[in-house]
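Presented below is the structure to which this report refers.
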Amino acid sequence: MAQRIIKKRYFLAVEGQSEQSFVRWIQALADERLSIHLDTYPLGGGGFSSMLKDAVHWHAKEAKSKGAYRQRFLIVDADRADVQDWSLDKLRKEAAKQNFIVIVQRPNHEGLLYRMAPGKENDVPSASMAKTKLRKFWPDYEKPVNAQALERHFSLADLMRVAGADPDLTVLLARIGLI
C-alpha cells in the first residue's frame, strides 16, 4: 500500500467531542480528494476568551513538536455569545491577532447538523429547538456523535448544500480545499 503524503496541515480547536467527530468526518471526506491533515483539539468548552487562550496554547505546543500549520481555526457555537464573556465580534478580533479564523456553528452543533437535512440548510433554529428539530430527522441522535454515525447520515453533498447557506462553513471548506 502506498504511503499517503500530507502536503497541508491545519489546526482546528473545537468546543468538544461532537465537533471533533465532525472534523474527523470532514477529514474522511477530504481523504478521498486531497492530501491534507486536520489536527483537531477539543477545548472542553468555556467562555470565548478561555477557549481562544487554550487554542493558542495548544497550537503553539503542537506546532513546536509537529511543525508549522498552514492555517488555524477555532470552531465555536453562536449561542455561547449570549451568555459568555466576549461577543462574537470581539472573539473574531482577538482571534485574528493570533492568526486564528473563527468558524461559528449557527446556532450550535445540533443546529448545524439539522441544517444538513435535505431542504433545511436555510432553516436556522433557535438554540433551544435545535436538538428537537434534529431528532425529527435523526431520532436516535445522542451527543457526542462519532464520525462513523455522521458518515451514515450525511454525505459530501449535504455538507456542500449547507456551506452554500453558511458563510463560516464555506470559509472553512474553502481554506482546506474542499471547495
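Nearest heavy atom pair, residue Ile103 against residue Leu169, reads CG2-N, 4.5 Å. Heavy-atom minimum distance, Ala163 versus Leu173: CB-CD1, 3.8 Å. Closest of all the heavy-atom pairs between Ala130 and Asn108 is CB-OD1, 3.4 Å. Contact record, Met51 with Leu43: O-CD1, 3.4 Å, taken as the closest heavy-atom pair. A pairwise comparison of heavy atoms in Val102 and Ala95 identifies CG2-CB, 3.5 Å as the closest pair. Smallest separation of non-hydrogen atoms from Leu74 and Ala55: CD1-CB, 4.3 Å.
Taken from CZ in Arg106 to CZ in Arg115, the straight-line distance is 8.5 Å, to the nearest 0.5 Å. Atoms CG and NZ, from Asp39 and Lys66 in turn, are 4.0 Å apart once rounded to the nearest 0.5 Å. Between atom OG1 of residue Thr40 and atom CD of residue Gln20 there is a gap of 6.0 Å, rounded to the nearest 0.5 Å. In this structure, Glu121 CD and Asp123 CG are separated by 9.5 Å, a value rounded to the nearest 0.5 Å. Rounding to the nearest 0.5 Å places CG of Asn99 at 13.0 Å from CZ of Phe11. Considering CZ of Arg175 and OG1 of Thr170, their distance stands at 12.0 Å, rounded to 0.5 Å.
The distance between the ring centers of Phe154 and Phe137 falls below 6.0 angstrom.
The aromatic rings of Trp58 and Tyr41 sit parallel, their planes meeting at an angle under 30°, below the 60° perpendicular limit. Aromatic ring pairs are classed by plane angle as parallel below 30°, tilted from 30° to 60° and perpendicular above 60°; the pair Trp138 and Tyr141 is perpendicular.
Side-chain contact between Ile176 and Gln71 is absent, with no heavy-atom pair separated by less than 4.5 Å. Looking at heavy atoms from C-beta onward, Leu150 lies in side-chain contact with Leu113 at the 4.5 angstrom threshold. For the pair Pro107/Ser126, no side-chain contact is recorded, criterion being any heavy-atom separation below 4.5 Å from C-beta on. Side-chain atoms of Asp89 and Lys93, non-hydrogen and from C-beta on, never get closer than 4.5 Å to each other. Annotation: side chain of Leu156 is in contact with side chain of Arg33 (closest heavy-atom distance under 4.5 Å). Counting only heavy atoms from C-beta outward, the side chains of Val124 and Asp166 never approach each other to under 4.5 Å. Taking the side chain as every heavy atom from C-beta outward, Glu94 and Trp86 approach each other to under 4.5 Å. Using a 4.5 Å heavy-atom threshold, the side chains of Phe22 and Ile75 count as separate.
A cation-pi arrangement, defined by a distance under 6.0 Å to the six-membered ring centre and an angle within 45 degrees of its axis, is present between Arg9 and Tyr69.
Distance alone, capped at 3.5 Å, places no donor-acceptor pair between the Asp77 side chain and the Asp79 backbone.
Applying the 6.0 Å contact sphere to NZ of Lys120 captures no more than 12 heavy atoms from other residues, nucleotides or ligands.
A donor and an acceptor atom, one from each side chain of Gln105 and Glu19, are located under 3.5 Å apart.
Leu112 and Ile179 fall within a single hydrophobic cluster, where Ile, Leu, Val, Met, Phe, Trp and Tyr are joined by side-chain heavy atoms under 4.5 Å apart, directly or via other members.
Taking 4.0 Å as the cut-off between side-chain N and carboxylate O, Arg161 and Asp158 count as a salt-bridged pair.
A salt bridge (charged side-chain N to carboxylate O under 4.0 Å, His left out) with Glu110 is found for one member of Arg135, Lys136, Lys143 and no other, namely Lys143.
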